[in-house]
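Have a look at the structure below, then the notes.
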Amino acid sequence: MGQSSSKKPTQDTTVTAGSTPSEFPTTPHGTLMYGELSRACTVTFGNLDADLHKHLLDETAAFTCAEGRMVELGFAKCVDYPSLPDHVYYEGYFHSSRDSRPVESLNPRNGRPFNKPPAPKALRAMYIAFREKNKAILSEMARKILELPQATLLPRECHLEEQYETQEVDPRKIIADMFSPEGSAGEILCGDLAIQVHCGTGVDYDHLAWHRDSINSMFHFATSIRGKRDLYSSLSHHPENSKQQIFVDRLQTPNIYISSPAFFRHAVSYPEKSWEDRTIAIQARFLLTRELLNTLARVSNDFKTQVSHIVAEALCKGFALPSFKEVIEVEETLGDYDGPLKVDENYLDGIKNHFY
């Protein structure tokens, strides 16, 4: 997940005296919880269809290849745990649109626009099928966002380009459009895929990188492809409770969860593993352009809190996962991409941690 802050929990994250990671309770699934600033959060949990999971493994080279092929397949070696020099971490960025060509989006490592290549067809098909299967609930969410009290954006920053100064926008319409299956923004929900690969030295509880994702993770679909990892979340059962509790999900193949990690602090631990037994997870977020990100940066905290309740309530109802058959039907309609995947040498220049 995108990291944006310090390595340790904030002071409002409390742990019962004597607690160890093995004693933390499991995150309540499908239950209305609360993160920072009284923002509503729900973690919904499930599993990929077994045949679908096998198909994703078989059809995605990066899930089974030798380490030496990762760069040519569009991945870069990252350093998120500098105190653990033998921890190995690769990350690759792809889109899940029907378009079989690269689309302009942002590099999460430095915030620069770049042409994000399409994910392999099987992966793209899964997220397209997910969006199609959940059209009704996504449309309902968009409608509820439009019905929120009228809101305005915060004042523009002086450094923003002139093109963003020419027109005022309604944040209700902007965010509703992001969720709407018929929205003009296109296929951006779960449109940005970050495939993360971890092995080598493990990341234990003492080395957790606590963080809160940016706004592109107000709807976030995470999939366990290989191996295990533990997701720690700082949440409360009550919106006014500033003392939050740590919960944990012991994730393994083929678990999935959908949540809003933009609204609560969390961290992930990884076991020590060889390359052959590596952990692979996909983080699917909103696919953002620079213009859209700049607009979302001007949305008030109060309005984000209102949106968080709509998202959390929808997650309590649950989302349907696509079947293997449904994914195959979509996959057969998609074109191939034969272009380059290898990233530029300056891929990690600039900000070394996640930008959004």
Side-chain angles (χ1 to χ4, degrees), residues 1-4 62 70-80 89-120 123-124 127-128 153-154 156-169 171 173-175 177-179 183-196 211 213-221 261-262 282-299 335 337-356:
M1 298 183 188
Q3 298 174 9
S4 59
M70 291 300 285
V71 172
E72 71 181 77
L73 292 173
F75 288 75
K77 204 166 187 178
C78 305
V79 179
D80 276 16
Y89 177 22
Y90 287 91
E91 193 163 75
Y93 307 111
F94 308 89
H95 74 73
S96 69
S97 303
R98 284 187 175 275
D99 195 336
S100 297
R101 300 165 297 181
V103 301
E104 185 172 300
S105 181
L106 299 180
N107 181 331
R109 285 279 157 180
N110 54 32
R112 295 175 181 169
F114 84 110
N115 287 323
K116 189 165 293 182
L123 287 181
R124 286 158 56 208
Y127 296 102
I128 294 168
L153 295 175
L154 298 174
R156 302 178 180 92
E157 296 291 340
C158 60
H159 67 273
L160 294 183
E161 292 87 339
E162 184 178 349
Q163 61 177 310
Y164 308 126
E165 301 285 335
T166 59
Q167 171 179 342
E168 194 54 72
V169 295
K173 293 181 180 178
I174 292 294
I175 295 181
D177 192 63
M178 293 170 63
F179 282 95
S184 61
E187 301 172 294
I188 68 170
L189 183 134
C190 297
D192 192 324
L193 308 184
I195 302 178
Q196 302 172 339
H211 64 282
D213 288 7
S214 187
I215 194 66
N216 67 327
S217 284
M218 62 180 162
F219 188 95
H220 183 118
F221 182 162
I282 308 172
Q283 315 297 339
R285 311 177 177 106
F286 280 105
L287 184 68
L288 301 185
T289 61
R290 165 60 60 188
E291 181 177 4
L292 182 53
L293 178 62
N294 284 342
T295 299
L296 294 173
R298 296 173 54 207
V299 174
Y337 173 66
D338 296 322
L341 292 172
K342 185 176 179 180
V343 297
D344 295 335
E345 291 184 358
N346 66 349
Y347 191 66
L348 298 182
D349 285 357
I351 300 173
K352 295 298 183 184
N353 235 334
H354 285 79
F355 183 77
Y356 68 77

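The first residue in the sequence is number 1, and the count goes up from there. Reckoned from all heavy atoms, side chains included, excluding hydrogens, waters and symmetry mates.
- Using a 4.5 Å cut-off on side-chain heavy atoms (C-beta onward), Leu296 and Leu288 make contact.
- How far CG of Leu106 is from CG of Asn216: 9.0 Å, rounded to the nearest 0.5 Å.
- For the atom pair CG of Leu73 and CZ of Phe94, the computed distance is 7.5 Å after rounding to the nearest 0.5 Å.
- No side-chain donor-acceptor contact under 3.5 Å links Arg285 and Ser214.
- With values rounded to the nearest 0.5 angstrom, Gln283 atom CD is found 8.0 Å from Asp213 atom CG.
- The two residues Arg124 and Ala119 make their nearest non-hydrogen contact at CD-O, 2.7 Å.
- His95 places a side-chain N or O within donor-acceptor distance of the main-chain N or O of Arg101, the cut-off being under 3.5 Å.
- At least one donor-acceptor pair closer than 3.5 Å links the side chain of Glu187 to the backbone N or O of Arg98.
- Val299 approaches Pro171 most closely through the heavy-atom pair CG2-CB, 4.2 Å.
- Atom CG of Leu189 and atom OH of Tyr127 lie 11.5 Å apart (nearest 0.5 Å).
- Taken from CD1 in Ile282 to CZ in Phe221, the straight-line distance is 8.5 Å, to the nearest 0.5 Å.
- Listed for the Thr289 side chain is no donor-acceptor partner under 3.5 Å among the backbone atoms of Ser105.
- Between Pro113 and Glu104 the shortest heavy-atom distance is CB-OE2, 4.0 Å.
- One finds the OG1 atom of Thr295 at 12.0 Å from the CD1 atom of Ile215 (value rounded to the nearest 0.5 Å).
- In terms of heavy atoms, Pro118 sits closest to Asp99 at CB-O, 4.0 Å.
- Residues Val103 and Asn115 fail the side-chain proximity criterion, which asks for heavy atoms closer than 4.5 Å.
- Side-chain contact between Asp80 and Glu91: absent, with no pair of heavy atoms (C-beta onward) separated by less than 4.5 Å.
- Counting heavy atoms from C-beta outward, Pro102 and Tyr337 have side chains that approach closer than 4.5 Å.
- The shortest distance between side-chain heavy atoms of Arg290 and Asn294 falls below 4.5 Å.
- At least one side-chain heavy atom of Leu292 sits under 4.5 Å from a side-chain heavy atom of Ile174.
- Ser96 places a side-chain N or O within 3.5 Å of a backbone atom of Cys190 that can act as its donor or acceptor partner.
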